[in-house]
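Structure first, then comments.
Starting from 1, each residue takes its place in the sequence as its number. Start at 1 and go down the list; that is how both ligands and their atoms are numbered. Values in this document were obtained by computation on a predicted structure and should not be read as measured data.
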Amino acid sequence: MSSYPPEVTPSEGEGLIEVIKDWALAHGLTVRPPPAVLPVEADPVGILATAVPVTLFPSPFPRICFDQAIGVQKAYNELYASISQDEDFLAQVVKEIGDSDDFITELWKVHLKVKEEGYVQHKSLGLFRSDYMVHQDGTGSIPQVKQVEFNTIASSFGGLSSQTSLLHKYLSLTEYPLLENSIKRNGLILPENDSAAGLAAGIKHTFVEYGPSMTGHEKCVIFLVQGGERNIFDQRHLEYELQKSEEPQIPVFRLPFSEILQHTTVTKDSGRQLLYRPPQLASHTFEVAVIYMRSGYGPSDYPDQSAWEARYHLERSAAIKCPTVLTQVAGTKKVQQVLATPETPSNPSILPHYISKDSASISNLMNTFTNIYPLDETEAGLKARKIAADPELCKGYVLKPQREGGGNNIYRSSIPPFLKSVAESHWPSYILMELITPPPVKNTILRNGKLEHGGVICELGIYGTCIWDQQSKTILHNEQAGYLLRTKGDKSEEGGVAAGFGCMDSCSLV
Ligand code: ADP
Ligand code: MG
């Protein structure tokens with residue numbers, strides 16, 4: 001497959017642009033146009049959409065790595081459900097991150113405040129995504145996936161990803177066989193991808209797990225969103241999947257994070273049900289069974305104290321949260337570091353504490369770890385401080401703060417000067433991670449109507465859905481739920497699709 005993906009002639013490229021553009025718009029493989037493409041003034045009421053950046057061909061991806069990542073997802077779900085139940089461990093993590101990180105500190109306060117009065121809801125939903133890159137030690141060695149990060153809040157692109165798989169499937173049936181360097185019909189191995197339906201199924205199970213309404217009001221699901229979201233169709237696909245359910249019927253509403261206190265109340269009795277009054281339907285009240293957060297993961301959603309008040313208001317309610325504060329904290333990079341710091345006799349792995357049953361899961365999980373170090377004063381931390389200050393060694397590393405959503409990391413040679421600019425007392429809020437360097441892949445990205453040819457880097461995400469009970473410590477539901485392939489030009493460090501660096505892709509297994 002050395003000639004895959006094939007070169008296309010300029011006129012074939014033009015033809016593919018037309019086909020993909022139309023397919024994407026016809027099937028909602030779309031975003032709201034970025035201001036660089038369409039100034040906000042040109043579309044004041046937001047009636048326009050544009051095709052998401054996407055690869056012309058599904059990128060080649062080693063089947064062995066794909067299977068490895070799919071195969072370990074349920075163990076990851078279980079691991080993060082268990083960590084979410086270990087409050088003492090999470091308290092320790094928050095302490096180690098330290099006061100210099102106001103965001104995590106405030107988040108933890110929300111948990112402590114609810115704990116004081118007692119949680120009324122013990123069930124919890126995780127819609128997770130574990131992200132990987134392919135790692136190969138040397139030519140000839142067996143490639144493995146290594147984890148980039150584990151997302152426990154607002155894991156995005158599940159809605160667009162299944163559509164991307166369908167687009168590439170469509171092209172493989174209709175367009176690729178006609179190219180000069182043709183690929184025969186059904187000549188590619190394209191795995192099924194049910195990410196939108198799979199994630200929606202997780203929400204539907206949770207809606208049922210909530211039990212009957214206690215207030216006499218119809219139950220609903222709330223998607224808690226950011227104002228001005230451009231990646232809205234990704235979220236809408238999940239909503240439409242949910243609304244396909246006839247029994248039970250599932251009303252879904254989008255509520256901006258900034259309007260929580262305006263449109264919801266918590267009942268005064270011991271049940272603490274969350275009631276929602278949709279502003280557009282003044283005479284209706286719903287009891288909220290599930291809150292699915294596509295916001296609230298970063299400081300910008302909490303501009304003032306009332307935003308923290310709103311998060312507390314949700315957290316203390318009976319609605320099942322995706323995620324709770326505990327699960328959000330479980331998803332910090334600090335937790336990932338504690339799991340993945342190389343074992344020493346004085347510092348053994350904590351995995352066996354969380355995954356007890358069979359050691360196969362433990363070794364499967366460990367195989368996906370790449371070395372991550374703290375920047376504290378432990379043995380591992382002191383080693384990391386040396387690496388981070390060294391102009392040569394630092395080139396193999398990325399430095400990460402406890403933030404989500406892209407654009408926060410410091411890469412390679414930028415690490416030493418950056419750390420110099422930060423007070424040493426704040427260093428423990430960062431982690432230092434070895435860079436994963438995947439084997440080179442070529443592809444063509446279609447972005448805003450133009451083709452970009454060249455070397456690309458692919459990042460595989462596997463979705464998982466998990467429902468558990470914090471009190472009885474039982475897992476009620478644990479499923480793998482499809483995948484995401486995101487691809488970026490190999491000159492870019494970050495790969496956010498919505499941020500404009502990366503693009504949507506799917507796997508052609510090799
Ligand atoms: P965020 O929470 O902002 O998404 P990530 O840890 O996923 O943070 O990092 C953002 C991007 O940086 C990733 O999508 C990936 O492209 C790149 N990246 C992060 N860690 C590594 C690593 N260890 N090796 C190579 N690239 C990485
Ligand atoms: Mg990421």
Check: Is there any N or O on Arg486 that sits under 3.5 Å from an N or O of ligand 1?
Finding: no
Check: Below 4.0 angstrom, N of the basic side chain to O of the carboxylate: do Glu149 and Lys333 qualify?
Finding: yes
Check: Quick one: which of Trp308, Phe223, Tyr302, Tyr297 gives a ring pair (Phe, Tyr, Trp, His ring centres under 6.0 Å) with Phe257?
Finding: Tyr302
Margin query: Counting only heavy atoms, tell me which of Lys146, Glu149, Lys400 gets closest to atom 6 (O) of ligand 1.
Written below: Lys400
Notebook entry, point to check: Any idea which of Ile436, Leu432, Leu399, Val148 brings a heavy atom closest to atom 25 (C) of ligand 1?
Noted result: Ile436
Checklist line | Winner among Arg403, Gln402, Lys333 once heavy atoms are compared against atom 8 (O) of ligand 1 | finding: Lys333
Item checked: Identified ring pair (Phe, Tyr, Trp, His ring centres under 6.0 Å) counterpart of Tyr483 within the set Phe61, Phe66, Tyr463 -> Phe66
Item checked: Per-atom contacts, ligand 1 versus Glu434 - under 4.0 Å to a heavy atom -> 22 (C), 23 (N)
Margin query: Tell me whether Glu452 is salt-bridged to Lys491, with the criterion being a basic N under 4.0 Å from an acidic carboxylate O.
Written below: no
Note to self: Please determine whether a side-chain nitrogen of the Lys or Arg among Asp376 and Arg385 lies less than 4.0 Å from a carboxylate oxygen of the Asp or Glu.
What the structure shows: no
Next item on the list: Report the part of Asn409 (side chain from C-beta onward, or backbone N, CA, C, O) that has a heavy atom under 4.0 Å from ligand 1; answer both or neither where that applies.
Entry: side chain
Next item on the list: Say whether Glu404, considering both its backbone and side-chain N or O atoms, lies within less than 3.5 Å of an N or O atom on ligand 1.
Entry: yes
Checklist line | Arg236 and Asp234 ion-paired at < 4.0 Å | finding: no
Checklist line | Short N or O distance, Asn408 and ligand 1, threshold 3.5 Å exclusive | finding: no
Note to self: So for ligand 1, is Gly406 a polar contact partner (N or O within less than 3.5 Å, distance only)?
What the structure shows: yes
Item checked: Parallel, tilted or perpendicular: rings of Trp23 and His27 (30°, 60°) -> parallel
Next item on the list: Please state whether Tyr397 comes within less than 4.0 angstrom of ligand 1, counting heavy atoms only.
Entry: no
Item checked: Residue Lys488 vicinity, atoms of ligand 1 by number, heavy atom under 4.0 Å -> 15 (C), 16 (O)
Notebook entry, point to check: Should Lys442 and Asp490 count as an ion pair when the cut-off is N to O under 4.0 Å?
Noted result: no
Note to self: Using a 4.0 Å cutoff against the non-hydrogen atoms of Gly405, which atoms of ligand 1 qualify?
What the structure shows: 1 (P), 2 (O), 3 (O)
Next item on the list: Have a look at ligand 1 and work out which part of Tyr411, if any, has a heavy atom under 4.0 Å from it: side chain, backbone, both or neither.
Entry: side chain
Margin query: Arg294 vs Glu229, test: salt bridge (charged side-chain N to carboxylate O under 4.0 Å, His left out). Steps then yes/no.
Written below: CA-CA 10 Å; Arg294 289 296 293 260; Glu229 175 66 73; over 6 Å; no
Note to self: Of all the N, O or S atoms in Glu149, which has the shortest distance to the Mg ion (ligand 2)?
What the structure shows: OE2
